[in-house]
Chemist: 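This is the structure I want to talk about, given as structure tokens.
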Amino acid sequence: MKAQKETNFNFPNQSNFYKGKVRDVYTIADKVMVMVVSDRISAFDVVLPEAIPFKGQVLNQIAAKFLAATQDIVSNWVLAVPDPMVTIGRICEPFKVEMVIRGYLAGHAWREYSAGKRSVCGVSLPDGLKENDKLPQPIITPTTKASVGHDEDISKEDILAKGIVSISDYEQLEKYTYALYQRGTEIAAKSDLILVDTKYEFGKADGVIYLIDEIHTPDSSRYFYAKGYQERQNADEPQKQLSKEFVRKWLIENGFQGKDGQVIPEMTPEIVNSISERYIELYEKIVGEKFVKADADAIANRIESNVVKALETL
């Protein structure tokens with residue numbers, strides 16, 4: 001299976017290019033941006049050496065669906081989705097925080113809790129919780145948005161004290177975050193899934209706050225299967241989940257957590273294909289539709305053609 005690891009386009013009126021961990025972002029005439037979601041995969045803030053076939057398509061199409069399904073809550077940056085791997089949108093000035101919201105004690109929060117911490121990003125947690133327990137209520141645990149390197153936990157108090165976000169803007173971001181998580185939870189429940197935790201990114205353009213980037217994808221969210229959730233918790237069994245956490249666990253089991261001196265384990269074709277299958281599984285489960293693989297024979301040509309046509313109409 002073919003995967004699109006790198007892109008190197010030169011679109012009409014292109015004024016800038018930025019390569020992120022997973023996304024390649026092309027600015028057009030300093031007015032709109034073309035976000036190509038590559039098949040690269042990252043974990044522990046490190047881009048892994050092998051790309052995952054159809055991962056970019058999965059992420060872009062899930063994000064497009066959920067952005068459309070939440071635009072009554074908050075306006076978003078999307079102007080067009082001209083290709084399975086591409087979104088074109090308005091340029092926003094991003095807030096320098098990511099709004100992480102958690103309904104369950106899993107992943108990073110659980111690792112902190114199991115190490116003895118009872119406060120995550122300034123939010124107190126009660127004693128006696130087990131991994132993957134439902135929290136008394138959803139909590140927001142923001143992180144700084146690092147240009148390079150690792151994102152860092154930060155409290156609301158520190159965000160405001162350091163002037164990273166104004167009080168009025170932050171309070172609005174909180175309201176949007178809770179409302180988006182509630183909507184995502186309701187949509188997931190219809191597919192017998194639990195939206196465990198997720199993150200949202202916001203930006204501003206002409207004084208208006210917009211929801212930007214992707215939402216409710218396996219890169220930005222964690223999902224459990226609702227069926228059997230409580231039985232597994234009662235029996236102290238691992239939860240069946242659809243998220244990128246399985247990639248992180250595979251890396252941890254093979255001695256890699258992104259720390260200095262650690263070597264990324266070999267990503268065999270079998271590992272790559274299994275990751276691809278898990279991403280497609282999540283798409284079909286949460287979207288409720290069969291995943292239709294886009295033509296992968298000439299991905300770059302397809303993307304370029306679709307983007308150029310779309311830009312002519314914007």
Chemist: Are more than 12 heavy atoms from other residues, nucleotides or ligands located less than 6.0 Å from atom NZ of Lys134?
Modeler: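 No.
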
Chemist: Are Ile299 and Val36 connected in a single hydrophobic cluster, I mean Ile/Leu/Val/Met/Phe/Trp/Tyr linked by side-chain heavy atoms less than 4.5 Å apart?
Modeler: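 Yes, one cluster joins them.
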
Chemist: Determine whether more than 12 heavy atoms belonging to other residues, nucleotides or ligands lie under 6.0 Å from atom CG of Asp206.
Modeler: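 At most 12 heavy atoms, drawn from other residues, nucleotides or ligands, come within 6.0 Å of this atom.
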
Chemist: Just verifying a value: how many Å separate Asp30 CG and Ser15 OG, rounded to the nearest 0.5 Å?
Modeler: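 Interatomic distance, Asp30 CG to Ser15 OG, rounded to 0.5 Å: 3.5 Å.
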
Chemist: If every non-hydrogen atom of Phe54 is compared with every non-hydrogen atom of Ala294, which pair is closest and at what distance?
Modeler: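 Reported closest heavy-atom pair: CE2-O, 3.7 Å.
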
Chemist: Are any non-hydrogen side-chain atoms of Leu195 and His216 less than 4.5 angstrom apart?
Modeler: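 Yes, at least one pair of side-chain atoms sits under 4.5 Å.
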
Chemist: Would the distance check show the side chain of Glu98 and the main-chain N or O of Thr143 forming a donor-acceptor pair, the cut-off being under 3.5 Å?
Modeler: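 Side chain of Glu98 to backbone of Thr143: no pair is present.
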
Chemist: Answer yes if the side chains of Asp153 and His108 hold a donor-acceptor pair under 3.5 Å, and no otherwise.
Modeler: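 The answer is yes; a qualifying pair exists.
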
Chemist: For the residue pair Leu251 and Ala43, what are the closest heavy atoms and their distance?
Modeler: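 So the two residues come closest at CD1-CB, 3.5 Å.
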
Chemist: Keeping the roles fixed (side chain from Lys199, backbone from Ile101), state whether a donor-acceptor pair exists under 3.5 Å.
Modeler: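 Not confirmed, Lys199 side chain does not pair with Ile101 backbone.
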
Chemist: Counting distance only, does the side-chain N/O of Ser155 pair as donor-acceptor with the main-chain N or O of Asp158 below 3.5 Å?
Modeler: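 Indeed, once roles are kept as given, a pair shorter than 3.5 Å links the two residues.
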
Chemist: Test Lys175 against Val74 for side-chain contact (heavy atoms from CB on, under 4.5 Å), laying out the working first.
Modeler: CA-CA 10 Å; Lys175 290 177 183 176; Val74 53; over 6 Å; no

Chemist: Hey, is NZ on Lys227 packed in by over 12 heavy atoms from elsewhere, all under 6.0 Å?
Modeler: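 Open.
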
Chemist: Taking the side chain as C-beta and beyond, is there a heavy-atom pair between Arg40 and Glu6 under 4.5 Å?
Modeler: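 Side-chain contact under 4.5 Å: yes.
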
Chemist: With a 4.5 Å cut-off on side-chain heavy atoms, are Glu174 and Ile140 touching?
Modeler: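 Counting from C-beta outward, Ile140 and Glu174 do come under 4.5 Å.
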
Chemist: Check whether Ile209 and Leu180 end up in the same hydrophobic cluster, where Ile, Leu, Val, Met, Phe, Trp and Tyr are linked by side-chain heavy atoms less than 4.5 Å apart.
Modeler: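 Yes, one cluster joins them.
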
Chemist: For Leu314, I'd like to know if atom CG has over 12 heavy atoms of other residues, nucleotides or ligands within 6.0 Å.
Modeler: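 Enclosed: over 12 neighbouring heavy atoms sit under 6.0 Å from CG of Leu314.
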
Chemist: Which distance, rounded to the nearest 0.5 Å, do you find between the CD of Glu270 and the OG of Ser274?
Modeler: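 Reported to 0.5 Å precision, the distance equals 9.0 Å.
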
Chemist: Are Gln239 and Gln233 close enough that a side-chain donor and a side-chain acceptor fall under 3.5 Å?
Modeler: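 Yes.
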
Chemist: Hey, are the side chains of Phe44 and Ile252 touching, using non-hydrogen atoms and a 4.5 Å cut-off?
Modeler: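 Yes, close enough: below the 4.5 Å cut-off.
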
Chemist: When the aromatic ring centroids of Phe202 and Phe95 are compared, is their separation below 6.0 Å?
Modeler: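 Ring centroids of Phe202 and Phe95 are no less than 6.0 Å from each other.
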
Chemist: Main chain of Met33, side chain of Thr27: is a donor-acceptor contact present, judged purely on distance under 3.5 Å?
Modeler: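 Side chain of Thr27 to backbone of Met33, a donor-acceptor pair under 3.5 Å: no, none is there.
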
Chemist: Considering non-hydrogen atoms only, spot the tightest contact between Pro126 and Tyr113 and give its length.
Modeler: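 Residues Pro126 and Tyr113, closest heavy atoms: O-OH, 2.5 Å.
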
Chemist: Let me confirm one number: the CD1-CE distance from Ile303 to Met85, rounded to the nearest 0.5 Å.
Modeler: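 With rounding to 0.5 Å, CD1 (Ile303) is 4.5 Å from CE (Met85).
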
Chemist: Please report the closest heavy-atom contact between Ala188 and Tyr223, naming both atoms and the distance.
Modeler: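 Residues Ala188 and Tyr223, closest heavy atoms: CB-CE2, 4.0 Å.
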
Chemist: Side-chain donor-acceptor pair under 3.5 Å between Ser38 and Asp24, yes or no?
Modeler: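 Result is no, nothing qualifies.
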
Chemist: With no hydrogens and no angle check, just 3.5 Å: does a side-chain donor-acceptor pair link Thr141 and Arg102?
Modeler: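 Yes, side-chain donor-acceptor contact under 3.5 Å.
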
Chemist: Within the 3.5 Å criterion, strictly below it, is a donor on Asp197 or Ser221 matched to an acceptor on the partner's side chain?
Modeler: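 Asp197 vs Ser221: no donor-acceptor pair found between side chains.
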
Chemist: Using the rule given for side-chain contact (heavy atoms from CB on, under 4.5 Å), can you reason through Val81 versus Asn60, listing the C-alpha separation, both sets of side-chain angles and the distance that settles it, and then say yes or no?
Modeler: CA-CA 9 Å; Val81 185; Asn60 195 60; 3.7 Å; yes

Chemist: Look at the side chain of Gln14 and the backbone N and O of Phe11, then say whether any donor-acceptor pair between them is shorter than 3.5 Å.
Modeler: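 A pair under 3.5 Å: yes.
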
Chemist: For the residue pair Ile52 and Met267, establish whether any side-chain heavy-atom pair is separated by less than 4.5 Å.
Modeler: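 Yes, side chains in contact.
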
Chemist: Given Val25 and Phe17, is the side-chain contact (heavy atoms from CB on, under 4.5 Å) satisfied, shown in steps?
Modeler: CA-CA 6 Å; Val25 182; Phe17 170 73; over 6 Å; no

Chemist: I need the minimum non-hydrogen distance between Ala69 and Arg183, along with the two atoms involved.
Modeler: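 In this case the closest contact between Ala69 and Arg183 is O-NH1, 2.9 Å.
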
Chemist: Whether the side chain of Gln57 engages the backbone of Val86 through a donor-acceptor N/O pair (distance < 3.5 Å, no angle test) should be reported.
Modeler: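 A pair under 3.5 Å: no.
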
Chemist: Taking the side chain as C-beta and beyond, is there a heavy-atom pair between Tyr170 and Met99 under 4.5 Å?
Modeler: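 Yes, close enough: below the 4.5 Å cut-off.
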
Chemist: Please determine if Asp39 and Lys2 form a salt bridge, counting it only when a charged side-chain N lies under 4.0 Å from a carboxylate O.
Modeler: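 Salt bridge: no.
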
Chemist: Parallel, tilted or perpendicular for Tyr229 and Tyr104, by the 30°/60° rule?
Modeler: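 The arrangement is perpendicular - the two ring planes meet at more than 60°.
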
Chemist: Run the salt-bridge test on Lys117 and Glu112 with the 4.0 Å N-O cut-off and return the result as yes or no.
Modeler: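 A salt bridge links Lys117 with Glu112.
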
Chemist: With distance as the sole test, does Thr217 use its side chain to make a donor-acceptor pair with the main-chain N or O of Glu214 at under 3.5 Å?
Modeler: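 No, the answer is negative, given that no donor and acceptor are paired below the 3.5 Å cut-off.
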
Chemist: Is there a salt bridge (charged side-chain N to carboxylate O under 4.0 Å, His left out) between Lys130 and Asp236? Walk through the geometry before answering.
Modeler: CA-CA 8 Å; Lys130 297 190 302 183; Asp236 292 328; 2.8 Å; yes

Chemist: Keeping Arg278 on the side-chain end and Val247 on the backbone end, is there a donor-acceptor pair under 3.5 Å?
Modeler: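 No: the side chain of Arg278 does not pair with the backbone of Val247.
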
Chemist: To the nearest 0.5 Å, tell me how far Leu211 CG sits from Trp77 CH2.
Modeler: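 Rounded to the nearest 0.5 Å, the CG-CH2 separation comes to 10.5 Å.
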
Chemist: Hey, mind stepping through Arg222 and Thr198 against side-chain contact (heavy atoms from CB on, under 4.5 Å) and telling me if it holds?
Modeler: CA-CA 6 Å; Arg222 191 187 324 268; Thr198 190; over 6 Å; no

Chemist: CD1/Ile159 to CD1/Ile167 distance, rounded to the nearest 0.5 angstrom?
Modeler: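 Ile159 CD1 to Ile167 CD1: 12.0 Å, rounded to 0.5 Å.
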
Chemist: So that I can tick it off, tell me whether Arg302 and Glu304 are bridged by a salt bridge, with the cut-off set at under 4.0 angstrom between side-chain N and carboxylate O.
Modeler: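 Between Arg302 and Glu304 there is no salt bridge, as every charged N stays at least 4.0 Å from the carboxylate O atoms.
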
Chemist: Are Gln61 and Pro84 close enough that some pair of their side-chain heavy atoms sits under 4.5 Å apart?
Modeler: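 A side-chain contact under 4.5 Å exists here.
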
Chemist: Nearest 0.5 Å, please: how far is CG in Asn132 from CG in Leu129?
Modeler: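 If I round to the nearest 0.5 Å, the distance is 11.0 Å.
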
Chemist: Looking at Gln257, is its backbone amide N or carbonyl O close enough to the side chain of Gln262 to form a donor-acceptor pair, meaning the two atoms are under 3.5 Å apart?
Modeler: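 Yes, the answer is positive, given that a donor and an acceptor are paired below the 3.5 Å cut-off.
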
Chemist: Does the side chain of Asn234 come under 3.5 Å of the side chain of Gln230 through a donor N or O and an acceptor N or O?
Modeler: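 Indeed, the side chains of Asn234 and Gln230 share at least one donor-acceptor pair under 3.5 Å.
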
Chemist: Any side-chain heavy atom of Ser42 sitting closer than 4.5 Å to one from Lys244?
Modeler: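 A side-chain contact exists here, since the closest heavy-atom pair is under 4.5 Å.
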
Chemist: Identify whether Leu79 and Leu67 are in the same connected component of the hydrophobic contact network (ILVMFWY, side-chain heavy atoms under 4.5 Å).
Modeler: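 Leu79 and Leu67: separate clusters.
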
Chemist: Do the side chains of Leu160 and Tyr178 join up, straight or via other hydrophobic residues, at under 4.5 Å, putting them in one cluster?
Modeler: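 Shared cluster, yes.
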
Chemist: Classify the side-chain pair Thr7/Tyr26 by whether it contains a donor and acceptor separated by less than 3.5 Å.
Modeler: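 The criterion, which ignores hydrogens and geometry beyond distance, is satisfied for Tyr26 and Thr7.
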
Chemist: What's the shortest heavy-atom distance between Val46 and Gly258, and which atoms?
Modeler: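 Scanning both residues completely, I find the closest heavy atoms to be CG2-CA, 4.2 Å.
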
Chemist: Please tell me whether Tyr210 and Val32 are part of a single hydrophobic cluster in this structure, the criterion being side-chain heavy atoms less than 4.5 Å apart.
Modeler: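 Shared cluster, no.
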
Chemist: Treating Thr177 as the side-chain partner and Leu173 as the backbone partner, does any N or O pair qualify as donor plus acceptor under 3.5 Å?
Modeler: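 Present.
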
